[in-house]
Amino acid sequence: MQSTSDEYSLKKIIHVDMDAFYASVEQREQPDLIGRPVIVAWPSKRSVVCAASYEARSFGIHSAMPASRAKKLCPDGVFVPPQFDLYRQISNEVKSVYRKYTDLIEPLSLDEAYLDVTRNKPEIPSATEIAQRIKTEIKQVTDLNASAGVGPNKFIAKIASDWNKPNGICVVKPKEVLNFISTLPVRKIPGIGPATEISLKNKNIRIVSELACISEVQLVNWYGKFGKRLFNLARGIDLSPVNNNRIRKSLSFETTFEQDKTLAEIEPELLPLTEKIWNQLGAKNLQANTFYLKLKTHDFKNTTRSKTSPKPVRSLHELIMLVQHLLYKSRLPKNLRYRLIGIGASNFVQPNASGDQPRLL
Ligand SMILES: [Mg+2]
């Protein structure tokens, strides 16, 4: 563990995360929504919540929850459809603030990015000061709040930005890293979803300090390659660089079930994933010609079904139809049980670049 202290001191990473981004933008655009529970969701009975204002969160509403459930929790909530063009435009304004300090920027989504400020353009030695300036300038330019985490690597910075939300800042110095993460629930580690959380809980591992007691060999035995990463993260070590030129060739989301499901039981799980893909494509201003459905059987065998259309899919409805087609029309064995489903998109085109039709709401 001692040998990592040099690695800690090597880098200064900031993770910036806009607070309740889509919902805050809607409140900024319509000031009568300020102070009210705003829920950003597509206007369909079966859709899921894209974002919720802090007022809506106090009713227990959170993103990825079915919109129908949000409506039950908060009947007086204001439901608005997402406006990705606007979110993207604001995201670009925020990025130009980052660029005053560094070009080493890795966006994670429209409202989140890692910045490597180890060396920065104004040559400010304190990453904390840079984070404070960035927060202030984002507010000046966009009238929106952001939270920032400062740490010696991406993992720590990301956990830290969540610490004092909203409108907060949290700085974790290299020597504070182990203390900072020791009592953290393992679920907070990026890559640990509900299924891995349960698997660890069954082994009596609930918090990071308990995870840090497990040998690397054991973790690799349990979780393969991810086990090696877990071994490092449990020690606060993350050597992954801030990557500013990631070109996406595909995009995918998956869900691992707590209990294996039949094909019929899988259908309701598909809609949230379909919307997630659709929203991410919108956020990145991409359209896709190919979509695929991935299923992992109870005995860990992967099956993939894909469909390539001559024209990009242009509406969420069209995409839902396509995904259902993949599920029902592609002769998947009905008697099997599945432990994971995923939906992916590839074969991207930039809308409007070649006279393509814009996407529809
Ligand atoms: Mg955010």
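Start at 1 and go down the list; that is how both ligands and their atoms are numbered. Owing to the predicted nature of the structure, the values given are computational and were not obtained by experimental measurement.
Taking a cut-off of 2.8 Å, the protein N, O or S atoms nearer than that to the Mg ion (ligand 1) are Asp17 OD1, Met18 O, Asp111 OD2.
Between the side chains of Thr290 and Thr308, at least one donor N or O sits under 3.5 Å from an acceptor N or O. Side-chain contact, Tyr101 with Glu137: a donor N or O sits under 3.5 Å from an acceptor N or O. Judged purely by distance below 3.5 Å, without hydrogens or angles, the side chains of Lys135 and Asn167 pair a donor atom with an acceptor atom.
Annotation: side chain of Thr255 is not in contact with side chain of Leu340 (no heavy-atom distance under 4.5 Å).
Aromatic ring pairs are classed by plane angle as parallel below 30°, tilted from 30° to 60° and perpendicular above 60°; the pair Phe84 and Tyr22 is perpendicular.
Taking Gln30 as the reference, Glu26, Asp32, Leu33, Val80 meet the side-chain contact (heavy atoms from CB on, under 4.5 Å) condition, with sequence neighbours excluded.
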